[in-house]
Undergrad: 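This structure is in structure tokens; I'll ask about it shortly.
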Amino acid sequence: MPELPEVENIKKDLRKTLIGKQIQRVFVYTEKMIKVGAGKISNIKKGSKKQTQEFIKTLKNKRILEIQRRAKYLIISLSQKHFLVIHLRMSGQLIFRNKKQLKEPLLLSVAKNAVKEKLPNKHTHLEIVFKGEQRLFYNDIRQFGHLRLVNQKELEEIFENLSLGPEPLSLSFEGFKEISETYKRKRAKDFLLDQRVISGIGNIYSDEALFRSKINPSRKIYSLKEAELKKLFQNIKLVLNEAISAGGSSIDSFKRVNGNSGKYTEKHLVYGRSGFPCPVCKRKLLSKKIGSRTSTYCGYCQK
DNA sequence: CTTGCGACCTGTTGGC
DNA sequence: TGCCAACAGGTCGCAA
């Protein structure tokens, strides 16, 4: 589900709601979604009772000190140098409810036949109860996401192993040019999606940035003129910043921590609009698989 | 090293 | 209406 703007909004929401709170109780409903330590994520499916017990025991009575984002990861700092590292992957949601809100059913998806539900529901995998009966729920329909509990050293180990590329919003054009030189053999779409090249961009914002830059997603990076590279660099920042301000894009299940949707979806010029007219030239937008992801683009405007 | 593809899951949509 | 294939904000691991 979420790319950088969505995760950034969740981070901001969590800062407002969670900082200073103390964890009272923890319910793990789906063991394979959680992990303790810095081991490989693929081992997560072996989620064990022992690990779950340790997860619950360690979280208990901890305080929330700070929430940060790196790429599409959320890092929740807890007292006594423990950290909760969360990746929402395609369909993860973090929803916060106070005692009164708990009784109100929530619309957790934007699908046509979506029904309001109370929490926890069948897609709730973790529930954290804070003092005062306020709760944070982790829901994840597709169960691709994960939450892991680590100490300082393990936190560093995780991010070292990930070798994430720079954050696009704090990247200079000089830095962008440098990585474009290093990865010049990639197609533009692959370049933007590769988290070790630049981190935080996914399928929506890569398509949107390429369209606004009039660059075909299949173009090789080495073929881009300096002016095109510059436009791409600026448009990445533009779409990410606009999306952050709009609260992100709610395609299906993306929800803010209060259950609200993001409003950037209506600003999408190409993502999810294959077959519809190009907003500039009115020709039908095309779609094509690039690196096993669907890219939507205008065959006429994007050279 | 890169590339490509299946795997991981459940749910929704569009075509017949 | 029903069924069934294709597809969905993302990585990860493995083979070539």
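Below, chain A is the first sequence line, B the second, and so on; all start at residue 1. Source: prediction; values computed, not measured.
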Undergrad: Once you apply a heavy-atom cut-off of 4.0 Å, does A/Ser292 come out as touching a base, just sugar-phosphate, or nothing?
TA: nothing

Undergrad: Please confirm whether the backbone N or O of A/Lys231 pairs with a side-chain atom of A/Asn235, one donor and one acceptor, at under 3.5 Å?
TA: yes

Undergrad: Using a strict heavy-atom distance below 4.0 Å, which residues from residues 175-191 of chain A are in contact with DNA chain B?
TA: A/Lys186, A/Arg187

Undergrad: Measuring to OP1 and OP2 of C/dC12, would you say a side-chain N or O of A/Ser42 lies under 4.0 angstrom away?
TA: no

Undergrad: For a quick test of reading the model: is some side-chain N or O of A/Lys289 closer than 4.0 Å to OP1 or OP2 of B/dG4?
TA: no

Undergrad: Residues from residues 141-160 of chain A sitting under 4.0 Å of DNA chain B, heavy atoms only?
TA: A/Ile141, A/Arg142, A/Gln143, A/Phe144

Undergrad: Pull out every protein N or O sitting under 3.5 Å from an N or O of nucleotides 12-16 of chain B, one pair per line with the distance.
TA:
none

Undergrad: Can you tell me how the ring of A/Phe191 sits relative to the ring of A/Phe176, calling it parallel under 30°, perpendicular over 60° and tilted otherwise?
TA: perpendicular

Undergrad: If only side-chain N and O atoms of A/Gln195 are considered, is one of them under 4.0 Å from the OP1 or OP2 phosphate oxygen of C/dT11?
TA: yes

Undergrad: At less than 4.0 Å, is any side-chain N or O atom of A/Lys72 found next to OP1 or OP2 of C/dG10? Yes or no.
TA: yes

Undergrad: Applying the salt bridge (charged side-chain N to carboxylate O under 4.0 Å, His left out) test to A/Arg69, which of A/Glu6, A/Glu8, A/Glu3 qualifies?
TA: A/Glu8

Undergrad: With a 4.5 Å cut-off on side-chain heavy-atom distances among I, L, V, M, F, W and Y, is there a chain of contacts connecting A/Ile64 to A/Val129?
TA: no

Undergrad: One thing to verify: whether A/Glu66 and A/Arg15 come together as a salt bridge, which I'm taking to mean a side-chain N less than 4.0 angstrom from a carboxylate O.
TA: yes

Undergrad: Members other than A/Leu164 in its cluster, when Ile, Leu, Val, Met, Phe, Trp, Tyr link by side-chain heavy atoms under 4.5 Å?
TA: A/Tyr73, A/Ile75, A/Phe83, A/Val85, A/Val150, A/Leu155, A/Ile158, A/Phe159, A/Leu162

Undergrad: By the side-chain hydrogen bond (donor to acceptor under 3.5 Å, both in side chains) test, which pairs, at least two apart or in different chains, include something from residues 292-303 of chain A?
TA: A/Lys189-A/Ser295

Undergrad: Can you tell me if A/Arg196 touches the phosphate of C/dT11, counting only side-chain N or O atoms and a distance under 4.0 Å to OP1 or OP2?
TA: no

Undergrad: Would A/His82 and A/Thr58 count as a side chain to side chain donor-acceptor pair (under 3.5 Å) here? Give the steps.
TA: CA-CA 9 Å; A/His82 282 273; A/Thr58 311; 5.6 Å; no

Undergrad: Using a 4.0 Å heavy-atom cut-off across all strands, classify A/Tyr205 as base, sugar-phosphate, or nothing.
TA: nothing

Undergrad: Is the NZ or CZ atom of A/Lys230 both under 6.0 Å from the centre of the six-membered ring of A/Phe173 and within 45° of that ring's axis?
TA: yes

Undergrad: For A/Glu167 and A/Arg70, what are the C-alpha separation, side-chain angles and deciding distance, and is it a salt bridge (Lys or Arg N to Asp or Glu O under 4.0 Å)?
TA: CA-CA 8 Å; A/Glu167 287 285 325; A/Arg70 172 73 174 104; 3.0 Å; yes

Undergrad: Mind checking if A/Tyr73 touches a base, just sugar-phosphate, or nothing, with heavy atoms under 4.0 Å?
TA: sugar-phosphate

Undergrad: Looking only at heavy atoms, what is the nearest atom pair of A/Arg219 and A/Leu224, with distance?
TA: NH2-CD2, 3.4 Å

Undergrad: Please determine whether a side-chain nitrogen or oxygen atom of A/Arg293 lies at a distance below 4.0 Å from atom OP1 or OP2 of C/dG10.
TA: yes

Undergrad: Side-chain N or O of A/His123 versus OP1/OP2 of B/dT10: is the shortest distance under 4.0 Å?
TA: no

Undergrad: DNA chain C: stems of at least 3 consecutive Watson-Crick or G-U pairs, cut-off 3.5 Å?
TA: B:2-8 with C:10-16, B:10-16 with C:2-8

Undergrad: Could you check whether A/Tyr183 and A/Glu178, counting side-chain N and O atoms only, form a donor-acceptor pair closer than 3.5 Å?
TA: no

